[in-house]
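Working notes, beginning with the structure itself.
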Amino acid sequence: MASVSPPPGTSDILPCDSPAWRWVESVAAEVFLLYGYGEIRTPVLEFTELFQRGIGGETDIVRKEMYTFTDKGGRSLTLRPEGTAGVMRALAGEAASGNGARVFYLGPMFRGERPAAGRRRQFHQIGVEDVGSDSPAADAESIAMLVRFLDTLGIAGYRILVNTRGSSADAASVSEILKERLKPLADSLCADCQSRLDRNPWRVLDCKNTLCQAVVDALPDITESFSEDSRSRFDEVKRCLDAFGVDYEVSPRLVRGLDYYAHTVFEVVHSGLGAQDALAGGGRYEVPVPGVKRPVAGVGFALGMERLLMVLESLSVELPSLDPPKVYLAALGSDALLANLKMAEALRAAGVGVVASLDARSLKSQMRTANRIGAEFAVIRGGDELTRGVVACRTMSDSSQVELPESDLLEFVAGRNG
RNA sequence: GUGGUUGUAGCUCAGUUGGUUAGAGCGCCUGGUUGUGGCCCAGGAGGUCGGGGGUUCGAAUCCCCUCAUCCACCCCA
């Protein structure tokens, strides 16, 4: 049993599941194209330094969740734990050129966490990045696009949480202010938060511990400490969201766990998910890329495929399934089987899906197979048909059966509802 | 990393206070039709009871270890 299981936190996507994946991915590509986004594919493997610098050395992801190894050239490589850093590396040139870029990506990400509902070690994200525009409207448009995507999929019941972290310049000073305000109250904070206090005081804000929340709630509004520019920028983002018709909630507690965020941060949560209720998350960022002078700035979000599919399932949204082959070819005797192989190729060349029996078992078992795989037609050929150059074509749904020349079969099966 | 849950046939699961040869449903195969699916009937194949160790006359059942699973903490998608 254990030998047939993949490593912990990974799983197989089987043929019965992949049509739903393809559907979600194709809807994503269609919706994002409406906003001028093209697909980018970056390596799953990057230099470790990219993530250490990009995501931030004090984040949980970098501190304890990365799959890192040394390759034969002595380089430290890491399986990407998120998509933005790699995309920023790839787009650093575009950003520097001043032209900007709008891209989306999809693929596996890796984090060494303990698996739970909606959390895997290999999971899949769909993400988008708008690099090169620093307009507040870009932040809002990103959220609007996410909303359109979710709505197109038929997802209902989600909430959009929005907040600001202030400019990156604000971050340091506000961080100090938070420290000052929290230090005297450290005794009332949970153990995790006490250690976070020095390392990353922001994270205290979104601690789920009720004691910590009480402490945080009693604190003065932190946005008051932001610069005037940062505050008016956030006001502008909200005005744009209104213009886009996006229904959002401002959530002062939302800070997110990656260091590269500045200004707008947002999250989409859904109750159909369990303890991990974040369906998507993102915001405006400034990502330091090794070898590049200035951080690459942009706005974007990432969304969890597995969680998306969980929500779709919880909402009973109808998902596509694998299309069965149209025709099943049954053979009696080795000569008929050979003739079927040739006929199968002719039908496929004409675009008709065919499964041909590859060994001449009893007709009964071949018919059972035709039924099980959901073929629309079962075509039967035995020695008798073979000598007369005909086949018996059975329409499975109504059990009607006709005998017709082999040359007429394509027209017969293709003629019915194309 | 911490805590709990579960692990028996391909799948979903029964299995009594430890007691002969470990069961069911679904699926699969064969037959009931000289060459005809679904429904029905009969038969059949398929199991190191996750793995290792221990207790015992005897372990799927009790104990320890280990691996895996799911869930929660944590973190985030």
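In what follows, chains are A, B, ... by sequence order, proteins preceding strands, each numbered from 1.
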Can a donor-acceptor pair be found, under 3.5 Å and without considering hydrogens, that links the side chain of [X] to the backbone of [Y]?
{"X": "A:Q125", "Y": "A:G127", "answer": "no"}
{"X": "A:N340", "Y": "A:L337", "answer": "no"}
{"X": "A:Q213", "Y": "A:C207", "answer": "yes"}

Residues from [range] lying under 4.0 Å of RNA chain B - heavy atoms:
{"range": "residues 34-62 of chain A", "result": "A:D60"}
{"range": "residues 257-278 of chain A", "result": "A:G257, A:A275, A:Q276, A:A278"}
{"range": "residues 11-27 of chain A", "result": "none"}

Of the listed nucleotides B:G38, B:A77, B:C74, the one nearest the side chain of A:R307: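 Minimum distance to the A:R307 side chain belongs to B:A77.
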Which of these nucleotides, B:A77, B:A68, B:A72, is closest to any side-chain atom of A:S5?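 Nearest nucleotide to the side chain: B:A68.
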Does B:C76 have its OP1 or OP2 closer than 4.0 Å to a side-chain nitrogen or oxygen of A:R203?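 Yes, A:R203 has a side-chain N/O under 4.0 Å of OP1/OP2 on B:C76.
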Please determine whether a side-chain nitrogen or oxygen atom of A:R63 lies at a distance below 4.0 Å from atom OP1 or OP2 of B:G1.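 Negative; the distance criterion is not met.
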Which residues satisfy the salt bridge (charged side-chain N to carboxylate O under 4.0 Å, His left out) test with [X], sequence neighbours excluded?
{"X": "A:D323", "value": "none"}
{"X": "A:E313", "value": "none"}
{"X": "A:E403", "value": "A:R388"}

Write down the distance separating the [atom1] atoms in [N] and [M], rounded off to the nearest Å.
{"N": "B:U30", "M": "B:C67", "atom1": "P", "result": "43 Å"}
{"N": "B:U8", "M": "B:C49", "atom1": "C1'", "result": "4 Å"}
{"N": "B:U21", "M": "B:U2", "atom1": "C1'", "result": "45 Å"}

Could you work out, with ring pair (Phe, Tyr, Trp, His ring centres under 6.0 Å) as the rule, every residue matching A:Y328, not counting sequence neighbours?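 Counting only residues at least two positions away or on another chain, A:Y328 forms no ring pair (Phe, Tyr, Trp, His ring centres under 6.0 Å).
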Restricting to ring pair (Phe, Tyr, Trp, His ring centres under 6.0 Å), what partner residues turn up for A:F234, sequence neighbours left out?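 Listed in chain order: nothing, the list is empty.
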Result block: side-chain N/O donor-acceptor pairs under 3.5 angstrom for residues 100-112 of chain A, not counting sequence neighbours:
residue, atom, partner, partner atom, Å
A:R102, NE, A:D130, OD2, 3.4
A:R102, NH1, A:Y35, O, 2.7
A:R102, NH1, A:E141, OE1, 3.3
A:R102, NH2, A:D130, OD2, 3.2
A:R102, NH2, A:E141, OE1, 2.5
A:R111, NE, A:P81, O, 2.7
A:R111, NH2, A:P81, O, 3.0

Contact class for A:G118 (heavy atom, under 4.0 Å): base, sugar-phosphate, or nothing?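 Base, at least one base atom sits under 4.0 Å.
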For residues 302-312 of chain A, please give each side-chain donor-acceptor pair under 3.5 Å, one per line with the distance, not counting sequence neighbours.
residue, atom, partner, partner atom, Å
A:E306, OE1, A:H124, N, 2.9
A:E306, OE2, A:H124, N, 3.4
A:E306, OE2, A:H124, ND1, 2.7
A:R307, NE, A:G118, O, 2.6
A:R307, NH1, A:A278, O, 2.8
A:R307, NH2, A:G118, O, 3.0

On the 0 to 90° scale, with breaks at 30° and 60°, tag the A:Y260-A:Y285 ring pair as parallel, tilted or perpendicular.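 The rings of A:Y260 and A:Y285 stand perpendicular, inter-plane angle above 60°.
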Please write out the pairs of protein N or O atoms and N or O atoms of nucleotides 25-32 of chain B separated by less than 3.5 Å, giving the distance to one decimal.
none

Reading 5' to 3' and counting Watson-Crick or G-U wobble pairs with both distances under 3.5 Å, write the dot-bracket notation for RNA chain B, | for bases paired outside the strand. ((((.((..((((.....[...)))).(((((.......))))).....(((((..]....))))))).))))....
